[in-house]
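Please read the structure below before turning to the comments.
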Amino acid sequence: MMAKETSIFKSVANLLGHAESGVALTREDIITLLKLPGNYTSALFAAADRVRKEQVGDEILLRGIIEFSNICERNCLYCGLRKGNTKLSRYRMSEDEILATAQGIKKACINTVVLQSGEDSFYNACSICRLIERIRRETDLVITLSIGERNYDDYKSFKQAGANRYLLKHEITNTAIYKYLRPGCKWEDRIRCLIWIKELGFETGTGNMVGLPGQAVEVLADDLLFMKQLDADMLGIGPFIAHLDTPLAGIGNGDLDLTLRVLAVSRLITRNVNIPATTALAALHPQGRLRALQAGANVIMPDFTPEIYRSLYDIYPGRKDVGSATKIIGQLEKEIHSIGKTINYSIGQRQISKSV
Ligand code: SAM
Ligand code: SF4
């Protein structure tokens, strides 16, 4: 090894050693890790994988997701569900359909359900609460909501009705880019929602997309520091994938390697949080999900949305979970076993005590 290479190797090894042992990383450290030369990324992923093993173990948690409405009143530039996309056929699932689907999740021995939708005010606080109460009563599933921005009283009533977790990605920390990408929305409003969600005692999920226009590595570092600062319990980190029927058609997709680096650094800095290998990673690359499970992720969210609706939840192209729920779980089991891991069917709550 040349002298210069040896010294880079030593400083990278030093930084990764610190990160692995839980020493807080500065913004500069994070930028260095996100920019590591390609031949060092496997060392970054291996460090994140060891921290994942030490903090949350070797088993992969499953959360069954039901995408119950693709109707959205927002117009996010990146998303195929945006209200300006007039090419998309829209659907709403009835309460009974959602309940029957939740029962299917329970039958598959999965104990948590994620209810996700566009921002669709047709489902008002009352109807969401009734749904939560029925799911809790009839299936006892732990419920995660992912239905966007609501007012404080709505969140409070969801909690009182029995919802346990809430997922609201902050998407990007740069307020100017946020404003451009989400017309009519303010970053501060979304963060206020996240603070309410935390204060109300939900297990809180946030996260970002990687590869959004104008999102330099420095912005990604700020995204990561935000996730750490919020002390989120779950993180959703996925590549941006361009949808043809949106204003961002033609912009390149997020990069697999960079997305995995962000995910790996998130594991190093947040330690014991639950981090899914996102559907978007699987859509971007055939090995995307498995590689994420070897770079710090510990959760998979199989899609239980009834097949008649699934292709209409068209956020971005290339979504992979096709066929019946049984087929999807069978496929996942194979994938997970192929990397020497097993599925854990418990509710998989964040274990706060192990954090550094
Ligand atoms: N409407 C709710 C919201 O926005 O929070 C929940 C549903 S929304 C479809 C769920 C997530 O999809 C968003 O948080 C965003 O990160 C992700 N998403 C939307 N468009 C995407 C795209 N083109 N590529 C990757 N992820 C995308
Ligand atoms: Fe609607 Fe969420 Fe898509 Fe934005 S990201 S258009 S809020 S579904």
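When a residue number appears, it is its place in the shown sequence, counting from 1. Order of listing sets the numbers, starting from 1, for every ligand and every atom in it. Computed over heavy atoms, backbone and side chain alike; hydrogens, waters and symmetry mates excluded.
For Y166, no heavy-atom contact with ligand 1 is shorter than 4.0 Å. At a heavy-atom cutoff of 4.0 Å, ligand 1 is contacted by the backbone of S117 but not by its side chain. Residue Y316 touches ligand 1 through its side chain alone, judged by heavy-atom distances below 4.0 Å.
The shortest contact between atom 13 (C) of ligand 1 and any protein heavy atom is with E171 OE2, 3.3 Å. For atom 25 (C) of ligand 1, the nearest non-hydrogen atom of the protein is P239 O, 3.2 Å. In terms of protein heavy-atom proximity, atom 24 (N) of ligand 1 is closest to I241 N, 3.0 Å. Counting protein heavy atoms only, atom 7 (S) of ligand 2 is closest to R182 NH2, 3.4 Å. In terms of protein heavy atoms, atom 2 (Fe) of ligand 2 is closest to C72 SG, 4.6 Å. With respect to atom 4 (Fe) of ligand 2, the closest heavy atom belonging to the protein is C76 SG, 2.3 Å. Counting protein heavy atoms only, atom 19 (C) of ligand 1 is closest to I315 CG2, 3.1 Å.
Taking every heavy atom of R82 and a limit of under 4.0 angstrom, the matching atoms of ligand 2 come to 6 (S). When each atom of ligand 2 is checked for a heavy atom of G118 under 4.0 Å away, the hits are 8 (S). In summary, the atoms of ligand 2 found under 4.0 Å from a heavy atom of Y78, numbered by their order in the structure, are 5 (S).
Using a 4.0 Å cut-off between charged side-chain N and carboxylate O, K341 and E59 make no salt bridge. R50 and E20 are joined by a salt bridge, as a carboxylate oxygen and a charged side-chain nitrogen come within less than 4.0 angstrom of each other.
Comparing heavy-atom distances from atom 3 (C) of ligand 1 across M209, R190, Q116, H170 singles out R190 as nearest.
Within the 4.5 Å cutoff, the side chain of N85 has heavy atoms near those of the H243 side chain.
Residues Y78 and R182 have side chains that bring a donor and an acceptor to within less than 3.5 angstrom of each other.
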- Message: Does K159 form a side-chain hydrogen bond (donor to acceptor under 3.5 Å, both in side chains) with N164? I'd like the steps, not just the answer.
- Response: CA-CA 7 Å; K159 188 74 181 62; N164 313 81; over 6 Å; no

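Inclusion of C79 in the first shell of atom 3 (Fe) of ligand 2 is supported: an N, O or S atom falls under 2.8 Å.
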